[in-house]
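Step one of this worksheet: look at the structure below.
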Amino acid sequence: MGLQSNGLSLEIVGREISGRPVPGKPRRPLGPYLLGLPALLLSCLLLIPIGVTVVAAFRRPDGSFGFGNFAVMGDPAALHAVGNSLAWIAVALALVVVGFLLALVSYRLPGLSTFLQPALVIPFAVSVLVSGVTFRLIFDATPERGTVTAVWTKLFGSSPVWLGPGLFWLVLVSAFGWTWLGYVVSLFRAGLDAIPDDVSRTVAAEGVTGWRRLRALELPLLRPVTGVVTLTLVIAAVRVFDLVLIVVPGPMQGDADVLGLNWWRATGTGEPAGRTAALGVVLFAIVAAVAVIGVRGLRRRRWAMPVRVVRADPSVGRSRPPRRVRRIGWTVGFAVGLFWILPAVVLVATALHSPREAGLGGWWSLEGLGLESFAAAANAGLLRALLSTVLISTIATAVLLVIAVPTAYLVAWVGCRSGWGAW
Amino acid sequence: MPTSRRAFLGASAALLAAGCSGTPDVLGLRRSVRVAVSWSGQELRAFHSVLDNLGRLDYPVEVVPLGDDISTAFGPRSARRPDLVMLPQPGLVAEHRKDLASMPDDLADRSRARLWNELLVDGGTTYGLPFKTANKSAVWYRPSVLAKEGLQPPTQWSEWLAVNRALSLSGVRPLALAAGDGWVLTDFLENVLLGSSPSSYQALATAARPQPSEQPAFAAALRLLGTMWSAPGVLAGGVERSLVQQFPDAIVEVFGHHRAAMVLASDFAEPVVHSFATDPSDIGMFTFPPMSPGAAAPVVVGGDVMVLPKPTSDDARDLVRRLAAPAAVDPWIAAGGFLADGRTTGYSPELTRLAKQLVAPTASLQFDLSDRLGRLGDINGLWRVLTDFLVRIGGRGSGVVPDAVEAALTQLKKVES
């Protein structure tokens with residue numbers, strides 16, 4: 001950490017220098033370069049399909065090359081899908097902002113996260129597809145089954161059709177937000193917690209508060225986290241596919257079309273391969289553009305994370321707010337946490353009803369409780385699907401460890417040596 | 001903690017071994033026969049029971065439920081491609097013919113029966129084999145509602161309109177419409193068209209480049225359909241609720257929540273009706289009535305046909321042979337909602353009536369039209385047109401019908417070109 005004082009630039013050295021300096025040559029070990037082999041394999045695995053798709057996108061049906069296939073982007077349906085995909089990116093960015101604000105509130109109000117934090121993380125354990133099914137159940141159009149419809153009907157006499165034209169966006173965005181918000185808040189919160197206490201105390205002592213404090217302290221320190229979070233969410237938003245497929249009823253599927261779905265449908269309806277490849281390239285270009293921006297954000301790391309040498313003295317830690325404020329935070333956190341896990345409760349409770357009762361009544365019904373639905377699912381090949389999932393995820397994890405970890409080491413090592421990390 | 005780590009590693013190794021023995025094909029170690037189906041829920045379970053009943057097979061069978069997107073089964077070639085497709089639209093066999101292998105010769109006769117030969121046989125070669133037949137001209141209703149108003153199940157289209165009027169006047173919504181499933185809407189129109197003009201139906205179904213928007217009979221059928229759908233108070237929940245309703249939801253509306261009296265649903269609705277009916281004795285079914293006095297009642301036929309995508313394997317052919325055996329489908333017939341081609345016994349009373357209608361010599365029988373219109377009949381064609389038609393007229397009175405018919409024809413013309 002460097003600091004400037006009275007025209008002098010001072011550098012604090014972490015430890016004493018002992019012994020006499022010894023001249024030497026930098027070591028050039030061969031080992032780390034061997035890590036490049038899995039990296040090469042990974043690159044090939046990733047790049048070959050991309051290359052094949054790009055070539056197919058530029059190849060015209062008659063075999064010559066050109067931009068002819070990209071005329072598919074003039075198709076109103078494809079344009080509509082591109083527009084929707086861009087709207088999804090906006091949703092992802094909004095979610096990052098909301099998640100950051102929530103993390104900030106829970107950081108300033110410690111009692112809040114006792115219950116809220118675990119509650120926020122629960123949805124992250126289920127896939128977006130399951131989340132979509134859950135929200136479809138919650139927003140079902142019949143007052144007997146749909147939670148929101150039932151409550152709305154009780155309060156106002158009648159309820160709008162939540163899955164109907166226009167309103168289905170609400171259901172889609174809720175399901176997406178429910179799955180991802182916990183991830184965003186947790187990462188931001190971890191980033192905030194990692195800010196050294198002495199730094200935040202110094203900033204506080206300088207009298208920097210409010211918006212200025214945010215700009216001077218939290219925002220720059222959280223830049224790497226922001227990069228990771230934005231990258232993950234935007235890519236998830238561009239690739240949103242199963243969610244739309246499961247949530248939106250058939251007649252509105254056209255309105256909710258996104259690039260991924262449009263491309264997938266085009267592959268099934270016997271459109272020329274070049275046109276679908278062109279769509280795929282556009283999809284890839286959007287994701288790549290976002291990824292490049294995100295990765296740049298990742299690398300602009302200004303401050304090193306502190307390494308604690310001395311055990312922190314709790315008395316000089318972050319100032320704790322008064323007891324009353326903490327109690328309010330705890331209560332609010334508990335209430336919001338309960339609300340947040342409601343969809344998970346709905347899902348589990350619905351599954352615990354027999355198929356007949358789940359079709360006739362809501363998750364709150366006390367009739368037809370039992371494991372009949374599980375038995376029915378098991379008869380439709382559930383066990384086999386579960387085994388396949390276990391197998392695939394095990395293989396995927398193994399491949400990731402074997403290929404990606406050495407690659408990450410290599411990137412970090414080369415980055416250190418050549419100063420890549422600087423840009 | 002070395003012990004716990006060792007325990008964890010041991011457990012994961014055991015799990016991996018178990019996974020490998022159970023699903024070798026995930027790794028591509030041993031090829032299983034992949035069967036793509038469009039069924040879900042109860043039908044999927046019934047199909048699994050049929051597979052379980054086949055006895056010991058020398059190869060693993062994997063069922064891939066693709067839902068409405070079954071046509072993606074013929075998408076780009078890959079190792080995960082299905083070996084056997086249960087195609088729910090027999091009309092699509094012709095379109096996919098170049099991707100299909102021919103059926104084993106000893107089974108080919110079954111495809112040469114009435115109606116099927118039009119779709120499944122081409123140039124003397126058989127490309128598909130009927131597995132399941134559907135009678136799409138059935139209306140399920142609650143007899144108690146009609147009895148309370150002193151009404152009888154309609155035997156003519158005009159009587160049906162009168163029944164609907166009488167029910168709405170007494171505060172009962174007559175129809176639950178599952179507009180969330182496009183095929184429900186096309187089935188409705190096909191019944192009306194086949195009932196009012198069988199010759200136009202036949203002409204459209206066999207035309208090389210069908211142009212329904214040019215057919216006066218098609219416009220007339222739309223107007224007739226519009227008369228029913230546009231009647232105020234005819235649809236349970238109104239248009240918006242109908243749009244988010246899928247076919248089981250509509251059945252629950254009638255038999256579970258008692259918000260409607262009738263629902264147009266095929267024979268395969270039977271198990272759904274029975275599982276959601278709050279009063280098992282209050283279930284009735286009438287067949288789609290003739291459109292005019294003296295005309296034959298329309299019978300729109302659907303079905304799932306077995307087709308073998310190229311290149312096929314001996315295992316896949318063996319599975320087809322086993323599934324084609326008459327006794328193979330017994331578990332599904334016992335579960336309800338299954339009609340086997342040419343068979344008229346062993347069903348419930350309602351399904352027996354529908355099965356007899358399928359073999360009656362005088363019936364006006366035709367295959368589902370939407371499958372045979374190619375891209376005109378799919379989700380961007382007739383489905384979309386009929387959905388928009390419903391949105392324009394639903395419950396708004398017969399005054400809006402002529403304009404809506406014009407709009408639908410214009411929309412259709414755009415898809416045709």
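A quick note: this is a predicted structure, and the numbers were derived from the prediction, not measured. Sequence lines set the chain letters: A, B, ... in the order given, protein chains first and strands last, and positions in each chain run from 1. Just the heavy atoms: all of them, side chains too, but no hydrogens, waters or symmetry mates, feed the values below.
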- Query: So, for B/Phe255 and B/Trp140, is the gap between ring centers shorter than 6.0 Å?
  - Reply: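 For B/Phe255 and B/Trp140, the ring centres are not under 6.0 Å apart.
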
- Compute the centroid of each ring, for A/Phe135 and then for A/Phe176, and state whether the two points are separated by less than 6.0 Å. no

Please classify the contact between [X] and chain A as side chain, backbone, both or neither, with a heavy-atom cut-off of under 4.5 Å.
| X | answer |
| --- | --- |
| B/Val244 | both |
| B/Ala178 | neither |
| B/Val64 | neither |

- Query: Is it the backbone or the side chain of A/Ala77 that comes under 4.5 Å from a heavy atom of chain B, or both, or neither?
  - Reply: neither

- Message: I need the residue from A/Ala141, A/Gly164, A/Gly250 with the largest number of non-hydrogen atom pairs under 4.5 Å to chain B.
- Response: A/Ala141

- Item | Largest heavy-atom contact set with chain B, pairs under 4.5 Å, which of A/Leu163, A/Leu360, A/Leu386 |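 Of the candidates given, the most pairs with chain B belong to A/Leu360.
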
- Query: Highest number of heavy-atom pairs under 4.5 Å with chain A: which of B/Arg241, B/Gln246, B/Gln42, B/Glu240?
  - Reply: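 Counting heavy-atom pairs under 4.5 Å, the top option is B/Arg241.
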
- So which of B/Leu243, B/Thr387, B/Asp181, B/Val272 has the largest heavy-atom pair count under 4.5 angstrom toward chain A?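 Ranked by contacts with chain A, first place is B/Leu243.
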
- Do NZ/NE/NH1/NH2 and the carboxylate oxygens of A/Arg356 and A/Glu367 come within less than 4.0 Å? no

- Does a side-chain N-to-carboxylate-O contact under 4.0 Å join B/Asp52 and B/Arg45?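 Between B/Arg45 and B/Asp52 there is no salt bridge, as every charged N stays at least 4.0 Å from the carboxylate O atoms.
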
- Message: Over 60° means perpendicular and under 30° means parallel, so tell me whether B/Trp229 and B/Phe188 are parallel, tilted or perpendicular.
- Response: perpendicular

- Determine the interplanar angle of the B/Trp39 and B/Trp332 rings, folded into 0 to 90°, and report it as parallel if under 30°, tilted if 30 to 60°, perpendicular if over 60°. perpendicular

